[in-house]
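The figures here come from the full heavy-atom set of this structure, side chains too, leaving out hydrogens, waters and symmetry mates. Both ligands and their constituent atoms are indexed starting at 1 by order of listing.
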Amino acid sequence: YAGISLQPNAGSQGEYAGLLAIRGWHASRGESHRNICLIPSSAHGTNPASAQMVGLQVVVTKCDENGNVDMADLKAKCEQHSANLAAVMITYPSTHGVFETTVKELCALVHQHGGRVYVDGANMNALVGVAAPGEFGGDVSHLNLHKTFCIPHGGGGPGVGPVCVVEDLVPFLPGHGRGAEPGGVCDTPASAHAVGAVSAAPLGNAAVLPISWMYIRMMGADGLKHATEAAILSANYISKRLADHYPTLYASANGHVAHECILDLRQLKETSGVMAEDVAKRLMDYGFHAPTLSFPVANTLMVEPTESETLEELDRFIDAMIAIREEVRRIEKGEWPQDDNPLKNAPHTADSLMNADWPHPYGRDVGAASQSTRAHAKYWPPVGRIDNVYGDRNLFCSCVPVSELA
Ligand SMILES: *Cc1c(COP(=O)(O)O)cnc(C)c1O
């Protein structure tokens, strides 16, 4: 890519800025009527949200049974909307955890119809040092420094979502009323600028950028490439070792995944009444924060180990997942009822396990998963099962009213 703006404070803001650049570019050529944005159904929710925010009309395109963009459908929609096509947003490798082999053709097709290609860079963990979106046809991408480049983002921030563009889109990167910055990062006064600012500070969350800078410097080019390779290897290791217990939903033709794998738990509902959420909660008893639940496919777990976990930690996770699958088998065999078993009652607090009254058909040690977790590392969940859906639908504030502080 030829230019970059550090202004966006999140990947989603990078998308917003990148789509503004695309709109600005179309407008500069007298083509502001181009307002269609094609987005495959496998996309992250921020993609359609950002497109809506810049005033584009979202048209969703299909995925095939392997999780890839359905090229026939994309082609049909490119043709149908050719005169008004503004952009296509794709994620590579996709949110389904596969490297789509048709990505180059896809980019060329969109260009043929006058649209620009937004490659969502949230999965750069599978690309750094190995492939570059600008090389295979992307026009704009954001990076998520808080995903790929080490900025800690537990608890919601701070994020940095730099947006990168090809040469002819550089003039449409965010500007800022605060004026020139040495180094040319945002050197266009807002008044003269086609797009304007996307965040309050000219360089966004500048104070956390040294973290990414240090990471890159310390890893070096070889180290970064190695991290990518380890991330891909780790995901494939998990996918293969768990294959007999939980099939991986999407893989490429050679059976491999990219940097993440979607474990398909959907068949368990019929055989045991167990849902992915029960497995997620049970993992807490085994000392794990669950992987991504029910995204992008309902009732699955998406595991993205990254390069950060040791082989020992990967094995600990895999062993816990296998042990949980064995528990599901006992439900399948009828040893435990579908509504009273270690999965449905997970997570188990110390309090609930020590209660004099223990009405369940399995032992307290089973509930605690104490046989399967290393005693010195046993994690005790502080809160039992809550009703997530109820919580999501009934938001209430438990802070002191402002009047109390007056
Ligand atoms: C995380 C993510 C985003 C959004 O990034 P934020 O920094 O959370 O706004 C967009 N697309 C994909 C594929 C992602 O995984």
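Within the structure, ring-ring contact (aromatic ring centres under 6.0 Å, His included) pairs that include any residue of residues 36-60 comprise His44-Phe295 (at least two apart or interchain). Here salt bridge (charged side-chain N to carboxylate O under 4.0 Å, His left out) pairs that include residues 301-311, with residues two or more places apart or in two chains, number zero. Every pair passing salt bridge (charged side-chain N to carboxylate O under 4.0 Å, His left out) that includes a residue from residues 113-129 is listed here, sequence neighbours excluded: Arg116-Asp139, Arg116-Asp168.
For the atom pair CE of Met71 and OG1 of Thr102, the computed distance is 4.5 Å after rounding to the nearest 0.5 Å.
The shortest distance between side-chain heavy atoms of Asn125 and Lys147 does not fall below 4.5 Å.
Protein residues with a heavy atom closer than 4.0 Å to ligand 1 are Ala10, Gly11, Ser12, Glu15, His44, Thr46, Thr91, Thr95, Asp120, Ala122, Asn144, His146, Lys147, listed by chain and number.
Using cut-offs of 30° and 60° on the angle between ring planes, the pair His96 and Tyr250 is parallel.
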